[in-house]
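One structure is given below, encoded as structure tokens.
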Amino acid sequence: MHQGVRDGRNTGQGGGRLTGSMFDRMLRIDVGEKTSSLWAVPDDVRSYLGGMGYGVKILSDEVDPRIDPRSPDNKVVLTVGPLTGTSAPMHAQSCIVTKSPLTGTILNSYAGGFLGPEIKFCGLDGIIFEGAGADWIIVLIDDDRVRFESAADIVGKTTEEAETYIKETYGNDYRTMSIGPAGERGVAMAGAFSETRAFGRGGAGAVLGSKRIKAIGVRGTHSITTADAGLFSKLTAQNMEVLRAARAEEYGLLGIFSKYGTGGGMPLVQGRGALPTKNHTYGSFDGAEKIDGPFYEENLYTRRIACFGCPVHCGRIHKFRGADGGKLWGRGPEYETMFSLGSNLLNGDAEILAEANRLTELYGVDSLTLGVTIAWTLEMAEAGKLSVPGLDLQFGNADAVLGLIHMICMREGIGDMLAKGPRQAALELGNGGLGRAMQVKNSGFAAWMPRRMKGTGLAYATSNRGACHKRAPIGAEIAGVIDMDSYEGKAAVLIETQNSVNAIFTLISCRFHEFATDHDVYPKFIAAATGRAIQWDEMVTLGERIWNLEKLFNLKAGLTRDDDNLPGKCYEPVLGKTSQSAVMVEEKFEAMLDEYYSLRGWDSEGIPGKRKLDELGIGDYAM
């Protein structure tokens with residue numbers, strides 16, 4: 001290991017000095033000036049552990065919430081956590097925090113794969129991209145050394161072509177992140193793609209595009225030490241055994257995901273009448289068994305892939321026939337995309353779905369919000385409220401799906417309006433279409449129905465990044481652990497979920513890791529990795545602190561209680577034989593939201609009270 005990295009650590013105590021697995025320094029890169037510098041992470045930031053915590057704290061301190069997300073004043077904070085790059089299983093993810101051009105909120109977006117560990121191998125706890133350039137660039141990072149290369153040869157190219165160019169031109173051992181044509185054109189839902197994984201949600205790709213960053217390459221040579229190597233090794237072995245046992249359970253989530261990918265859970269959701277179909281009109285899809293995980297596994301040539309240090313192998317690469325008859329390879333689709341470009345569009349063709357998913361990755365766009373936007377477009381066309389010359393906008397029409405993906409990502413014709421996201425497109429169209437756009441804060445719904453799952457509906461509405469399923473009581477509701485149709489007690493359950501998930505996202509644990517791992521294991525890992533003693537309840541309080549910082553950022557950006565709501569279609573019954581005509585009763589939803597605000601220590605407009613903020617140690621951030 002390069003001792004020079006350790007010599008550069010801060011020495012203050014703050015929230016507890018991190019040692020061992022954290023380097024206590026980040027790289028600041030000004031892409032406008034084409035300069036870089038090492039930044040010693042200060043005490044107050046280190047108290048947020050890492051990952052999402054670092055990102056939210058830094059953005060809250062350094063970015064005015066009122067800025068245009070595409071302005072040079074916005075920043076992209078790319079972070080890792082204390083367990084990233086270590087032998088602790090299922091901690092491969094990295095996190096981007098920025099102001100979202102899609103929602104106007106603070107954004108946290110995640111990708112697994114190998115980028116996060118490679119950043120850590122550079123002797124860094126993260127990278128902060130600042131400013132904006134005039135010319136398209138590739139940023140190459142070797143340990144703490146940065147160089148800027150022209151991206152002229154790959155402007156307009158796909159994410160796959162950008163990755164290939166970096167590896168062939170500069171070295172196959174670089175781990176990459178790039179944007180596609182959608183990010184270059186400022187499509188609000190554009191993502192950033194890192195080899196087989198994506199920072200999909202919220203438009204981080206459009207922010208990178210506004211800074212003229214086409215791609216980055218990261219290559220590190222540092223080792224990662226732990227504060228107590230013996231204990232860390234023991235904890236890793238124990239946790240790996242727990243995960244292996246969970247993976248071996250045929251009907252457990254990790255077992256299903258390992259065998260079939262994330263689409264293995266689709267039959268359960270379909271059976272519960274909670275699979276969004278035809279723009280959330282129905283709760284089940286007659287063609288579901290032709291596009292779910294088992295179908296892909298059994299009918300298409302499949303190769304399993306895994307992120308760094310993961311025993312689950314939930315990722316899939318499939319070989320399939322494209323619409324033109326040619327043979328293609330593509331990653332996924334994940335379960336969420338089986339909904340957004342499958343059931344929600346009445347698309348029951350696995351190969352068309354695979355091709356649509358592949359296009360989203362090549363163009364570089366979030367398949368969820370994209371699919372929700374297309375579903376809204378098809379419903380508006382069905383109602384006679386819009387049309388596209390030469391394109392038959394019908395649900396289930398492959399040409400319509402593939403054609404709209406191209407038009408949106410290239411901002412051609414009606415695609416320019418749709419590229420702004422479902423809410424903005426509905427407002428621009430007018431004609432009564434807003435209530436049919438299945439979104440919160442302009443971010444498209446995930447693959448779960450609020451009318452069937454009331455706690456998940458409240459999660460969508462209150463999410464700081466818009467329509468988020470990562471911090472929702474999905475598992476408990478869909479499995480029947482709690483009554484999915486009940487409103488009672490959901491606010492308290494949701495708050496506990498949001499705070500807890502924020503806590504583990506300071507480590508950037510894979511969300512699936514928590515499915516099999518007891519919460520008290522996380523503090524043990526932190527102590528063994530960094531030397532910092534912390535209890536689980538302290539981590540939950542940290543998660544709550546982060547949640548409130550995000551909320552304050554959004555309020556200062558101009559959001560109000562009106563933005564914590566659901567579209568009008570949610571207050572209409574779900575159709576379909578297994579959905580029991582479920583409906584979200586608006587008065588009961590508002591009461592649930594009132595209870596949520598009260599339990600959070602916020603006023604009736606959703607503004608955190610000074611007492612709560614002082615209790616969390618962030619009183620200086622009050623409105």
What class does the angle between the rings of Tyr460 and Phe445 fall in, given that below 30° is parallel, 30 to 60° is tilted and above 60° is perpendicular?
->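 The rings of Tyr460 and Phe445 sit tilted, inter-plane angle from 30° to 60°.
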
May I ask you to decide if the ring planes of His519 and Trp536 are parallel, tilted or perpendicular, using 30° and 60° as cut-offs?
-> parallel

Does [X] have its ring centroid less than 6.0 Å away from the ring centroid of [Y]?
| X | Y | answer |
| --- | --- | --- |
| Phe199 | Tyr110 | no |
| Phe512 | Phe515 | yes |
| Tyr522 | His513 | yes |

Salt-bridge test for Lys120 and Glu118: reply yes if a basic N is under 4.0 Å from a carboxylate O, no otherwise.
->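 No, this pair does not count.
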
Salt-bridge contact Lys157-Glu184 (side-chain N to carboxylate O under 4.0 Å) = no

At what distance, to the nearest 0.5 angstrom, does SG of Cys307 lie from NE2 of His313?
-> 10.0 Å

Value rounded to 0.5 Å, distance of CG in Asn464 from CG in Leu107 |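 Atom-to-atom, Asn464:CG and Leu107:CG are 11.0 Å apart.
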
Would you kindly say whether [X] and [Y] are connected by a side-chain donor-acceptor distance under 3.5 Å?
| X | Y | result |
| --- | --- | --- |
| Asp125 | Tyr54 | no |
| Asn239 | Thr236 | no |
| Ser509 | His91 | yes |
| Asn499 | Arg545 | no |
| Asn548 | Tyr621 | no |
| Ser367 | Thr337 | yes |

Could you walk me through whether Ile138 and Phe148 pass the side chain to side chain contact (heavy atoms under 4.5 Å, CB included) test, one step at a time?
-> CA-CA 6 Å; Ile138 299 168; Phe148 303 90; over 6 Å; no

For Arg66, does the CZ atom sit with more than 12 other heavy atoms under 6.0 Å from it, leaving out its own atoms?
-> no

Under 6.0 Å from the CG atom of Asp520, do we count more than 12 heavy atoms belonging to anything else shown?
->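 Correct, the count exceeds 12.
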
